[in-house]
Each structure stands twice: as C-alpha cells, then as structure tokens.
Student: 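One structure coming up, written as structure tokens, with questions to follow.
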Amino acid sequence: MSDFDRRSVLKAGLGGAALLAGPGVVPVRAAEWTNTPEPNASIRVLRWKQFIQAEFDKFAEQTKKFSEKTGIKVKLEAESWEDIRPKAAVAANVGAGPDLIIGTLDDPFKFPEKLIDVTDVADYLGKQYGGWYPVAERYGKKGNSWIAIPQGATGGCLNYRISHVKAAGFEQFPKDTDGFLKLCQALKKNNTPAGFALGHATGDANGWCQWALWAFGGKVVNDKNEVVIDSPETIAAIEYVKQLYATFIPGVLSWNDSNNNKAFLNGELSLTLNGISIWTVGKNSPDPKQQEIAKDMDHAPMPIGPVGVSTEQQNVLVYYGYKHSKYPKAVKEYIKFMMDKENYDAWEVASNGYVSPPLPAYNDNPVWTSDPKITPYRDCLKRCRDNGYAGDLGYASAAVMGDFVVVDMFAEAASGSATPQEAAKRAAERAKRYYQV
C-alpha cells in the first residue's frame with residue numbers, strides 16, 4: 001500500500017513486537033535490565049540537527065515521555081553534523097559539556113577512554129531483539145566493550161527522477177557502475193544532470209566517495225592498518241569519478257549536506273545520493289511543484305562496481321556518553337528508553353524511515369513496506385562497510401574520515417587541480433599522518 005494509517009501503525013508499534021512480526025523476523029524475547037539512575041538526575045543531550053521536522057518532533061516527544069516516566073530532566077539540543085564533531089572533541093578534552101552526544105560514525109573512537117562503558121545497554125538490546133548487524137557492532141565495540149550504541153544510519157540511497165531516467169533511455173535503474181556512468185552521461189546530455197557533493201559534507205560526500213573507492217577495490221588501509229590508498233585500484237576509482245564529475249551540475253565542490261536537497265527540490269537535479277528526506281519533504285510540501293517532484297521520485301541502492309559486491313558507506317549515528325557526567329546511569333537509562341523497540345518504532349514511523357535500523361528485528365516496522373519507495377532504505381546497514389575498512393576503527397580511521405581525506409582526493413582530481421596520481425599520493429601522505437602516529 002502506498003498510503004497507510006499512521007495512527008494504526010503507531011498503535012501497532014507501541015503495542016509490542018507481536019503485532020508487527022512477520023515471516024523470518026526475530027521475535028522479541030525478555031532480557032534482564034538492571035539499572036537504577038541517580039536521584040535527581042539531569043542530563044544534557046546534544047544530537048544531530050534534523051532534516052525532517054516530524055522526526056525531531058517525535059524524538060523530543062519521546063524525550064519528554066522519558067522524563068515523565070523516570071523523573072530525569074533532559075535538556076535536548078541539536079547541531080549540524082559538522083558542528084557536533086568539534087564540540088564532541090572539546091567535551092572530551094576539557095571534561096565538561098553534554099552528558100550524551102548522538103553523533104556520527106567512529107568519532108567515539110577518537111577518545112574512548114573518556115566515554116561511559118555501555119556494554120550493559122548493548123547486551124540488553126542485543127539479547128532483547130535478536131542481535132545487532134555486524135557493521136553496527138563494529139561501530140559500537142572497542143575490544144570486548146561497547147563505547148557507543150548505534151542509533152542507526154541516515155541511510156543513503158540514490159534519489160532519482162523516474163521520468164528523467166526513462167527519458168535518458170533507461171527503463172530500469174542501472175545496477176552496475178558502467179550502466180550508472182552511462183545514465184549520468186545521458187542525463188547531462190538531456191540537460192537534466194546529476195549532482196553529488198564533493199565539498200565537506202559529512203553524510204553525502206563521504207558516502208558516495210567511499211563507495212566509489214571501494215567499488216573499484218581501493219581502500220585507505222589494509223587489514224594490518226597499513227596505508228595502501230596510493231594504488232592502481234584507487235587510480236581506477238579516480239578515473240571513474242572524473243568521468244562522473246563531468247556530468248554533474250556546477251558547484252558540487254562546495255556543497256554541504258543540504259545543498260543537494262535544495263537543488264533537487266528546486267528541479268535542478270535528476271539524480272543524487274541522499275537520505276529519504278528529499279522525498280519526504282517534497283511529498284509533504286505545500287508547494288505543488290515540490291509535490292510533483294516527489295511523485296516523480298524513486299530510490300535505489302548504490303550500483304555494484306568491479307569488485308562484485310555492495311560497497312556502500314552509510315552515515316551511522318551513535319549514542320556516546322562521557323565519564324565526566326555526574327549521572328552515567330541516567331545516561332544509560334535514556335539510551336535504553338529511546339532504543340526500546342516500541343519507542344524506536346514510533347519514532348521511525350514519524351520520520352518516514354529516515355534512519356535505517358541497527359537491529360534486524362526492527363525491520364518488521366510497517367513503515368518499510370508502506371510504500372515501495374521507502375523499502376530500499378531498510379537494508380542500508382546490511383549493505384554497508386564501516387569507514388575504517390579494511391583495518392580497525394579507531395583514532396586514525398575517525399580522523400581520516402573527519403578530515404575528508406578521500407573526498408578531497410576525488411575533488412582534487414575531478415576538478416583538475418591534481419592528476420589522479422598526485423591526488424592519490426597526497427591522500428596517502430595525509431592518511432599516514434594519522435595511521436603512523
């Protein structure tokens with residue numbers, strides 16, 4: 001069904017897993033949770049700034065319910081992904097600031113010694129809901145302990161205009177990199193171009209650039225954490241991206257995570273990488289032009305490259321609390337409450353599937369099949385690699401991602417400011433500054 005009764009879905013989501021369970025879904029089973037929050041606790045939570053207002057509104061509503069249930073006061077704040085990263089580092093360094101941050105990727109691995117051990121929260125959720133996706137576990141665990149709890153991922157899929165793709169000669173969206181390049185070239189020829197961020201966009205630029213690197217067999221490091229990005233496979237990826245870049249709308253070199261959303265809804269783009277926010281905003285917009293764009297949209301996974309397997313990178317969101325908090329048990333209680341399935345399901349419905357779940361048991365939420373345009377986002381964490389691939393997550397991988405080493409490499413070569421060989425060499429030199437500390 002393309003439309004569904006949100007109230008009935010919420011009722012189902014709030015009523016327990018039995019109402020939502022389908023074939024092959026891991027059933028919810030009882031798990032023990034023993035945690036007594038500190039009396040008169042008050043915590044400050046800093047999270048990522050919303051792209052869908054209904055998502056934030058539901059999150060704030062759930063936070064209020066948490067306070068009413070537990071008596072724990074919560075001050076909820078929101079900042080852009082780019083602003084959270086430095087604030088998180090400052091909080092770790094000075095030992096003051098938010099008690100809990102919901103940030104991105106492997107940032108917690110930059111300062112694990114400053115973070116609350118949340119192994120008990122992870123074990124409870126994992127046992128209660130049948131286990132985590134392996135990539136989610138990678139983002140949560142350091143050694144045998146959990147330093148963060150994955151909230152999910154602002155799943156990235158290809159957003160495209162159905163009519164423009166058909167006008168370019170494609171009845172089905174291409175599933176491989178060769179067909180994808182041909183599509184982008186045809187869209188350019190028809191004056192309905194693609195556009196992918198090549199500026200310092202945490203979600204969009206990192207997402208498609210890491211995909212491109214891995215799709216051709218390139219990687220920043222090998223399984224021994226040795227920098228190997230200056231390789232023939234990387235050069236092949238760069239040469240491919242140069243061809244893609246030639247089809248893009250002008251200006252992508254300075255794009256952040258919001259530019260492609262605006263350009264798409266303005267009718268300037270036919271194809272980009274993004275979360276489900278463009279479609280959701282367009283569908284709910286009072287502007288008839290944006291509504292028409294949303295009707296003409298669909299979504300697809302990133303195409304498969306020469307390596308023959310999916311190589312997506314997703315913007316994984318993570319809860320991490322600081323040891324400087326006076327109320328670490330209250331922090332854990334808040335994470336557990338927000339991640340409990342009944343609350344998570346209701347939030348997921350309100351956000352229209354904006355966050356791909358980290359626990360496969362959450363895939364039974366009706367939102368994922370309420371419209372076939374939403375379904376590709378459900379499995380984002382099933383298709384992705386962690387950004388430290390093929391090495392370990394840690395300070396170095398987080399720093400390389402945070403410093404946009406891979407994005408800058410592609411941008412330099414695509415724009416012509418460096419040859420592919422020069423760009424790969426410079427990326428290797430930058431990566432070694434972090435991996436050879």
Side-chain angles (χ1 to χ4, degrees), residues 17 20 22 24-26 47-48 51-52 55 81 102-109 118 121-122 125-142 146-159 202-204 206-211 214-215 273-277 299-304 309-320 335 338-341 344-345 347-349 351-369 373-390 393 397-398 401:
L20 293 171
V25 174
V26 178
R47 57 149 276 171
W48 44 279
F51 284 81
I52 298 174
E55 174 276 313
W81 293 329
I102 312 173
T104 54
L105 302 167
D106 53 353
D107 278 350
F109 290 81
V118 289
V121 185
L125 292 169
K127 290 176 182 177
Q128 182 80 351
Y129 303 120
W132 299 85
Y133 276 119
V135 71
E137 191 166 332
R138 289 270 293 167
Y139 276 106
K141 290 182 74 173
K142 183 172 178 60
W146 290 71
I147 60 171
I149 299 296
Q151 185 189 35
T154 52
C157 287
L158 291 166
N159 290 223
T202 298
D204 298 338
N206 278 323
W208 84 272
C209 287
Q210 293 285 349
W211 157 80
W214 296 333
L273 172 68
N274 206 71
I276 204 167
S277 55
H299 307 105
M302 297 298 288
I304 305 297
V309 296
S310 179
T311 57
E312 295 184 6
Q313 189 272 328
Q314 299 291 348
N315 188 45
V316 176
L317 307 167
V318 285
Y319 286 92
Y320 51 99
I335 298 172
M338 300 301 279
M339 290 297 297
D340 271 341
K341 192 174 188 298
Y344 196 96
D345 276 346
W347 172 63
E348 194 76 87
V349 169
S351 70
N352 208 35
Y354 184 58
V355 177
S356 304
L359 292 144
Y362 290 9
N363 289 345
D364 64 0
N365 192 318
V367 73
W368 297 117
T369 52
K373 294 182 180 182
I374 300 176
T375 307
Y377 286 93
R378 179 189 59 200
D379 301 324
C380 285
L381 285 175
K382 184 187 293 186
R383 300 191 300 262
C384 85
R385 293 174 172 175
D386 66 85
N387 60 269
Y389 178 84
L393 288 174
S397 65
M401 179 68 81

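Predicted model, so just to flag it, every value in this text is computed and none were measured. Computation of the quantities below employed the complete heavy-atom set of this structure, encompassing side-chain atoms and omitting hydrogens, waters and symmetry-equivalent molecules.
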Student: Evaluate the criterion side chain to side chain contact (heavy atoms under 4.5 Å, CB included) for residue pair Phe109 and Ser397; output intermediate values, then yes/no.
Tutor: CA-CA 9 Å; Phe109 290 81; Ser397 65; 5.7 Å; no

Student: Could you tell me which residues satisfy ring-ring contact (aromatic ring centres under 6.0 Å, His included) with Tyr377, sequence neighbours excluded, listed by chain and number?
Tutor: His299

Student: Can you tell me how far CD of Gln151 sits from CH2 of Trp48, rounded to the nearest 0.5 angstrom?
Tutor: 6.0 Å

Student: Could you report the tightest heavy-atom contact between Gly155 and Cys380, atom names first, then the distance?
Tutor: CA-SG, 3.6 Å

Student: Considering only residues two or more places apart or on different chains, which pairs with a residue in residues 130-139 satisfy salt bridge (charged side-chain N to carboxylate O under 4.0 Å, His left out)?
Tutor: Glu137-Lys141, Arg138-Asp386

Student: Less than 3.5 Å apart, any donor N or O on the side chain of Asp345 or Asn365 sitting next to an acceptor on the other?
Tutor: yes

Student: List the residues meeting ring-ring contact (aromatic ring centres under 6.0 Å, His included) with Tyr344, not counting sequence neighbours, and say none if there are none.
Tutor: Trp347, Tyr362

Student: Can you find a pair of side-chain heavy atoms, one from Leu381 and one from Val316, that are under 4.5 Å apart?
Tutor: yes

Student: Could you measure the distance from the CE atom of Met302 to the CH2 atom of Trp211? Nearest 0.5 Å is fine.
Tutor: 4.0 Å

Student: Using side-chain heavy atoms (C-beta onward) and a distance below 4.5 Å, is Leu158 in contact with Pro301?
Tutor: no

Student: Would you say the side-chain atoms of Asn206 and Asn315 include a donor-acceptor pair closer than 3.5 Å?
Tutor: no

Student: CD/Gln210 to SG/Cys384 distance, rounded to the nearest 0.5 angstrom?
Tutor: 11.0 Å

Student: Between Leu105, Thr104, Ile149, which is the residue that forms a side chain to side chain contact (heavy atoms under 4.5 Å, CB included) with Leu317?
Tutor: Thr104

Student: Under the salt bridge (charged side-chain N to carboxylate O under 4.0 Å, His left out) rule, collect the residues that match up with Glu348, sequence neighbours excluded.
Tutor: none

Student: Apply ring-ring contact (aromatic ring centres under 6.0 Å, His included) to Trp208 and list each qualifying residue two or more places apart in sequence or on a separate chain.
Tutor: Phe196, Phe248

Student: Would you indicate whether the side-chain heavy atoms of Thr311 and Ile304 approach each other to under 4.5 Å?
Tutor: no

Student: Keeping Trp132 on the side-chain end and Ala122 on the backbone end, is there a donor-acceptor pair under 3.5 Å?
Tutor: yes

Student: For a quick test of reading the model, state the closest non-hydrogen atom pair linking Met339 to Pro150 and the distance between them.
Tutor: CE-O, 3.4 Å

Student: Atom SG in Cys157, atom CD in Gln314: separation rounded to 0.5 Å?
Tutor: 6.5 Å

Student: Tyr133: which residues meet the ring-ring contact (aromatic ring centres under 6.0 Å, His included) condition with it, sequence neighbours left out?
Tutor: none

Student: For a 4.5 angstrom cut-off between non-hydrogen side-chain atoms, does Tyr320 reach Ile147?
Tutor: no

Student: State, yes or no, whether a side-chain contact exists between Gln313 and Arg383 at a heavy-atom distance under 4.5 Å.
Tutor: no

Student: Can a donor-acceptor pair be found, under 3.5 Å and without considering hydrogens, that links the side chain of Thr375 to the backbone of Trp368?
Tutor: yes

Student: To the nearest 0.5 Å, how far apart are CD1 in Ile276 and CD1 in Ile52?
Tutor: 7.0 Å

Student: Salt-bridge test for Lys341 and Asp364: reply yes if a basic N is under 4.0 Å from a carboxylate O, no otherwise.
Tutor: yes

Student: One pair to check against ring pair (Phe, Tyr, Trp, His ring centres under 6.0 Å): Tyr319 and Trp146. What are the steps and the verdict?
Tutor: CA-CA 11 Å; Tyr319 286 92; Trp146 290 71; over 10 Å; no

Student: What are the two closest heavy atoms between Asp106 and Tyr139, and how far apart are they?
Tutor: N-CE2, 3.8 Å

Student: Minimum heavy-atom separation for Val318 and Pro108, please, with both atom names.
Tutor: CG2-CG, 3.9 Å

Student: Out of curiosity, Asn387 CG to Leu393 CG, how far, rounded to the nearest 0.5 Å?
Tutor: 6.0 Å

